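Just so it is clear, the structure is predicted and the values come from calculations on it, not from any experiment. Note: hydrogens, waters and symmetry copies are ignored here, and every other heavy atom, side chains too, is used. Note on naming: letters A, B, ... go to the chains in the order of the sequence lines (proteins, then strands), and numbering restarts at 1 for each one.
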2 protein chains.
Amino acid sequence: MSKSYEQYCPIAHALDIVGERWSLLVVRELLARGPRRYSDLHDALGGCGTNILAARLKELERQGVVRKRRLPPPAASTVYELTELGEGLRPVVHELAHWGLRTLSPPTADDDLAPGWLPGALRLAFPESPTTACIEFRIGGELASFVGGEVREGAADTPDAVVDGDAGGLYHLVVDHDLGAVDIRGRRAVVAELLATLPGSALLPALTAAE
Amino acid sequence: MSKSYEQYCPIAHALDIVGERWSLLVVRELLARGPRRYSDLHDALGGCGTNILAARLKELERQGVVRKRRLPPPAASTVYELTELGEGLRPVVHELAHWGLRTLSPPTADDDLAPGWLPGALRLAFPESPTTACIEFRIGGELASFVGGEVREGAADTPDAVVDGDAGGLYHLVVDHDLGAVDIRGRRAVVAELLATLPGSALLPALTAAE
DNA sequence: CCGCATCCGATGTGATACTG
DNA sequence: CAGTATCACATCGGATGCGG
């Protein structure tokens, strides 16, 4: 879409930068997983055409959303990472993800999901510093934890709560706020608190009434 | 883009629905100005090709984002309006607008702006119920007011504060939180409170530090 | 392998014209 | 006013090539 909307409007301007096909998915990937190599991105995007990916990265770099960095010799490779401007897209992607969840049906099987999806999914699902509690998630073979408001891979040392279930259970926990969709050991209250930080907790109840 | 991203991911799914060119601008228009006719949309979008607009509206309707409604005889006409699902995009568009503002330079002249832009701009800029105060905005010939957390066209009866200036001043007020960029009569504090509800007030200070 | 650049058929876009 | 029809053209997606 090299063609701009040519409107004096922040939304049109934002879309001029990240509105092209694949662009926001590149940002999603960098937000959820951190700095990545070209071919990692290409794989994660379900193969979007190497030329397209190259074009998007070049454009995003030109716009100051993404930065290219060369790693030191031991692992000589180039990685792409978000600039501060690019990091600023987190709330946008976060809201978009929650809106998308409304019309996305629960996952059918864990096979659909790429290995290592859980930490990224949690990072995208929850705001940055939602709670000081420590919660461990064991979802369909994946393992990740909330520690001090941050998401880590792997188990937690002394979790306040452990959430156990499959991807469908996590879906219902996040979308329907159904604490019964997963198995929770420890302090259920901290999980409820975490859910209260979701955009949906303000929106969903309002849907039946007038918005 | 009739072609879906075909990923099990809420963001990819959201973009399958509103990620096509022009789609989010249609939503923006309906969010900011309420139900509109086909040709009003076509004008507001800077002429995006009637076939494209028709295709987008059809797709958005099919996806349950937009609804077509026929007005009663007196003003026999068809209008498009957002469904509850479509209204749910408000936080998304809201965040996107604030991100876009970061790299959008101040307006050069008021000529750039379509008549009646102010109420829509205020509705997009500020969250839904930010304050109970009553504030009147007089920006470059445009007139709009915050009353009870809602934006109205025209003057306010008994405003707590009156904000006077041009479009550039409003820009700096919203982006830089510069209360000096406009002329404020009455209680400055209620304007400062309103600014505190912006996403930027949480993000901008954090940019110099680590995000 | 990694990081692209090039070529090409399929598809989407944009301006104009035209119809109910 | 509310679209549909048409057509030149840009872009996309997929395959392939190719130097480091």
Side-chain angles (χ1 to χ4, degrees), chain A residues 1-7 12 15-27 29-30 33-63 66-81, chain B residues 1-7 9 12 15-26 29-30 33-63 66-81:
Chain A
M1 297 178 190
S2 71
K3 189 153 176 66
S4 152
Y5 287 114
E6 289 175 6
Q7 298 182 20
L15 292 176
D16 280 339
I17 301 176
V18 294
E20 287 177 304
R21 192 161 165 81
W22 297 109
S23 289
L24 267 184
L25 292 187
V26 170
V27 172
E29 210 54 29
L30 295 177
R33 320 259 245 205
R36 305 239 43 92
R37 294 175 306 176
Y38 184 90
S39 29
D40 294 331
L41 288 173
H42 183 251
D43 293 347
L45 264 43
C48 82
T50 63
N51 50 347
I52 302 293
L53 179 57
R56 293 297 173 274
L57 286 172
K58 198 169 292 181
E59 177 66 9
L60 288 174
E61 193 180 357
R62 203 181 66 81
Q63 298 279 6
V66 150
R67 181 168 42 213
K68 204 192 297 196
R69 196 177 51 172
R70 241 158 248 292
L71 293 183
S77 182
T78 316
V79 293
Y80 294 87
E81 61 186 4
Chain B
M1 299 180 189
S2 70
K3 187 153 176 67
S4 153
Y5 286 113
E6 290 175 4
Q7 298 181 20
C9 161
L15 292 175
D16 281 339
I17 300 176
V18 294
E20 285 176 305
R21 193 162 165 79
W22 297 109
S23 289
L24 267 184
L25 292 187
V26 170
E29 211 53 30
L30 296 177
R33 323 267 265 234
R36 309 250 14 106
R37 295 175 305 176
Y38 185 89
S39 28
D40 294 332
L41 289 173
H42 183 252
D43 294 347
L45 263 43
C48 83
T50 62
N51 50 346
I52 302 294
L53 179 56
R56 292 298 173 274
L57 285 171
K58 199 168 292 180
E59 177 65 9
L60 288 174
E61 194 181 356
R62 202 180 67 80
Q63 297 280 8
V66 150
R67 179 170 41 213
K68 203 191 301 196
R69 196 178 49 172
R70 237 159 250 289
L71 293 183
S77 182
T78 316
V79 292
Y80 293 87
E81 61 186 4

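Between B:Arg21 and C:dG14, a side-chain N or O to OP1/OP2 separation shorter than 4.0 Å is present. Distances shown here put every side-chain N or O of A:Tyr38 at or beyond 4.0 Å from the OP1 or OP2 atom of C:dA5. Side-chain N/O atoms of A:Tyr80 include one lying less than 4.0 angstrom from OP1 or OP2 on C:dC4. The phosphate of D:dC12 has neither OP1 nor OP2 within less than 4.0 Å of any side-chain N or O from A:Trp22. In this model, the phosphate group of D:dG3 is approached by a side-chain N or O of B:Lys68 to a distance below 4.0 Å at OP1 or OP2.
Rounded to whole Å, atom P of D:dT11 lies 17 Å from atom CD of B:Glu20. Look at NZ on B:Lys3: it is 14 Å from P on C:dA10, rounded to the nearest Å. Separating the NE2 atom of B:His42 from the P atom of C:dG14 is a distance of 11 Å, rounded to the nearest angstrom. Atom CD1 of A:Ile52 is separated from atom P of D:dA15 by 14 Å (rounded to the nearest Å). As a whole-Å value, the separation of A:Leu57 CG from C:dC2 P is 15 Å. Put simply, CZ on B:Arg56 is 14 Å from P on D:dT4, counting in whole angstrom units. Note: CG (A:Leu53) to P (D:dA15) measures 16 Å, nearest angstrom. Atom P of nucleotide D:dA2 and atom CZ of B:Arg69 are separated by 14 Å, given to the nearest angstrom.
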Inset, instruction - Decide yes or no on salt bridge (charged side-chain N to carboxylate O under 4.0 Å, His left out) for B:Arg36 and B:Glu29, but give the supporting numbers first. - result: CA-CA 8 Å; B:Arg36 309 250 14 106; B:Glu29 211 53 30; 5.3 Å; no
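A salt bridge does not link A:Arg56 to A:Glu59: none of the charged nitrogens lies less than 4.0 Å from a carboxylate oxygen. Look at B:Arg67 and B:Glu61 and you find no salt bridge, because none of the NZ, NE, NH1 or NH2 atoms lies under 4.0 Å from a carboxylate O.
Here the side chain of B:Ser77 is nearest to one of C:dG3, D:dA2, C:dC4, namely D:dA2. For A:Lys58, the side-chain atoms get nearest to C:dA5 when compared with the rest of D:dG3, C:dA5, C:dG12.
Nearer to the 5' terminus of DNA chain D, by closest-nucleotide assignment, is the contact made by B:Arg37 (compared with the other of B:Arg37 and A:Thr50).
You'll find the side chain of A:Tyr80 stays beyond 4.5 Å of the side chain of A:Val26, heavy atoms only.
Between the side chains of A:Ser77 and A:Arg37, no donor N or O sits under 3.5 Å from an acceptor N or O.
Counting atom types as modelled, B:Asn51 pairs no side-chain N or O with a base atom of D:dG3 as donor and acceptor under 3.5 Å.
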